[in-house]
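This structure is a prediction, so every number in the text was calculated from the model and none was measured. Starting from 1, each residue takes its place in the sequence as its number.
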Amino acid sequence: MAEPQKKWSFSKAFAGIFSRSEPITDDTWDELEVALIGADFGLDITEELLSELRDSVIRYGINDVRQLRELLRDTVTEKLARFDSTLRLTEKPAIVLVVGVNGVGKTTTIGKFARYLRNFDKRVLIGAADTFRAAAVEQLATWADRAGADIVTPRSSGQDPASVAYETVSKALSENYDVVLIDTAGRLQTKNGLMDELSKIKRVIEKLAPISEVLLVLDATTGQNGLSQAESFITHAGVSGIVLTKLDGSAKGGFVLSVQRTTDLPLKLVGQGEGIGDFTGFTSHVFAQQLVG
């Protein structure tokens, strides 16, 4: 799947460095270090990038700041491209389990993802298996309607989430849907309880069909704090890829490299605005361009 990506940029942090044509000096390196840290690349990745850039500048005889921008863009692209961002949706129906802590924009993400899939003429069925919050079911139903997707909701308040997931997949199989998106709870009284519930949902679904993807939703504006909150999901939920939400002007794009380095998981989808269409697949070279300018 590919579609034009919305124009959005983080390059303000680097604009002051790369907007002028002048030789590379010690001050250039100092400014670049500050910009990289300020863009939330983290100390380790910043040091690694600077070391690689210095080596390349010497190797290729580069001595112009504008050429350094191209070198940084290519280096970031290469690092991001080490991970396969392809969505695995070849089964029919392709079943996607969406996980993450409450407050990261999981419900909104499912609605946007459904719309994204509908743009490719996919029949989408959503399962509202976060039965612990009545508001979550109502919000998801609203998003499903906006996206042009169908939804299976609990038959009664507090219905077992696994049974909702089972009913959703059963309906998808019998009615020939292309993709199933299953919402899940983001918070229970204990982490063990949450992971046990997710494991139960997975077991129930897999009695009917294989799960294609387990996507973890992360809020880009929370940086490393959000990543640490999601560690249990990464460790125990069999996560296959990451969706970053709120990745717009209020976020710092270097976080993407940090996420992939820390989790060893590919970034697959990006939500970068408030509208239902503000959602795209992740492409390393496009993101590097938007990040560096």
Side-chain angles (χ1 to χ4, degrees), residues 83 87-89 91 93-111 113 125-137 139-140 152-154 156-170 172 179-220 222-246 255 258-269 271:
F83 298 83
L87 277 170
R88 310 297 181 185
L89 302 178
E91 293 89 1
I95 300 169
V96 181
L97 200 61
V98 183
V99 304
V101 300
N102 285 344
V104 295
K106 189 153 49 69
T107 302
T108 303
T109 293
I110 292 172
F113 190 14
L125 182 64
I126 297 172
D130 182 0
T131 63
F132 296 95
R133 293 191 306 129
V137 175
Q139 291 165 3
L140 196 59
V152 173
T153 59
S156 59
S157 177
Q159 181 181 344
D160 182 4
S163 71
V164 176
Y166 187 90
E167 290 171 9
T168 305
V169 176
S170 296
V179 184
V180 179
L181 306 179
I182 304 290
D183 189 18
T184 62
R187 181 184 299 118
L188 289 179
Q189 289 183 340
T190 67
K191 288 182 180 179
N192 287 339
L194 179 56
M195 295 309 141
D196 288 346
E197 187 62 60
L198 285 173
S199 295
K200 181 179 178 182
I201 290 172
K202 290 175 69 177
R203 287 196 306 271
V204 166
I205 290 173
E206 287 170 342
K207 290 178 180 178
L208 297 172
I211 294 175
S212 301
E213 293 271 13
V214 180
L215 298 180
L216 172 66
V217 180
L218 292 178
D219 180 342
T222 61
Q224 294 296 332
N225 290 333
L227 187 56
S228 64
Q229 292 171 9
E231 285 178 352
S232 291
F233 291 97
I234 295 169
T235 304
H236 302 293
V239 174
S240 58
I242 291 171
V243 184
L244 275 186
T245 64
K246 308 174 190 177
F255 176 59
S258 182
V259 166
Q260 293 197 329
R261 173 71 58 83
T262 303
T263 65
D264 204 30
L265 290 167
L267 179 61
K268 297 203 171 187
L269 294 162

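Checked by atom type and distance alone, the side chain of Thr184 never pairs as donor or acceptor with a backbone atom of Leu198 at under 3.5 Å.
Between Val96 and Leu89 there is a side-chain heavy-atom pair separated by less than 4.5 Å. Looking at heavy atoms from C-beta onward, Leu87 lies in side-chain contact with Phe113 at the 4.5 angstrom threshold. With contacts defined as side-chain heavy-atom distances shorter than 4.5 Å, the pair Leu267/Phe83 does not qualify.
What you find for Lys246 and Ala220 is that their closest heavy atoms are O-CB, 4.0 Å. Counting all heavy atoms, side chain and backbone alike, Ala136 lies closest to Asp130 at CB-OD2, 3.7 Å. When all heavy atoms of Thr109 and Val243 are compared, the closest pair comes out as CG2-CG1, 3.8 Å. Between Gly105 and Thr245 the shortest heavy-atom distance is O-CG2, 4.3 Å. The two residues Thr131 and Pro161 make their nearest non-hydrogen contact at OG1-CG, 3.4 Å. Residues Pro154 and Val137 come closest through the heavy atom pair CD-CG1, 3.9 Å.
Applying the salt bridge (Lys or Arg N to Asp or Glu O under 4.0 Å) criterion to Asp160, with sequence neighbours excluded, gives Lys200. For Gln159, the side chain to side chain donor-acceptor pair (under 3.5 Å) partners two or more places apart in sequence, or in a different chain, are Ser163, Glu167. A search for side-chain contact (heavy atoms from CB on, under 4.5 Å) contacts involving Ala165 returns Ile182, Ile201, Ile205, not counting sequence neighbours. Ser212 meets the side chain to side chain donor-acceptor pair (under 3.5 Å) test with Glu91; sequence neighbours excluded.
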Donor-acceptor list for residues 230-241 side chains, cut-off 3.5 Å, not counting sequence neighbours:
{"from": "Thr235", "atom 1": "OG1", "to": "Glu231", "atom 2": "O", "distance (Å)": "2.9"}
{"from": "Ser240", "atom 1": "OG", "to": "Glu213", "atom 2": "OE1", "distance (Å)": "2.5"}
{"from": "Ser240", "atom 1": "OG", "to": "Val214", "atom 2": "N", "distance (Å)": "2.9"}
{"from": "Ser240", "atom 1": "OG", "to": "Val214", "atom 2": "O", "distance (Å)": "3.2"}

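Note that the CD atom of Gln139 and the OG1 atom of Thr108 stand 7.5 Å from one another [nearest 0.5 Å]. The CD1 atom of Ile110 sits 6.5 Å away from the CG atom of Leu181 when rounded to the nearest 0.5 Å. One distance of note links CD1 of Ile242 with CG of Leu269; it measures 11.5 Å at 0.5 Å rounding. Taking CG of Leu218 as the start and OG1 of Thr263 as the end, the distance is 8.0 Å to the nearest 0.5 Å.
For residues 100-111, the pairs satisfying salt bridge (Lys or Arg N to Asp or Glu O under 4.0 Å) are Lys106-Asp183, with sequence neighbours left out.
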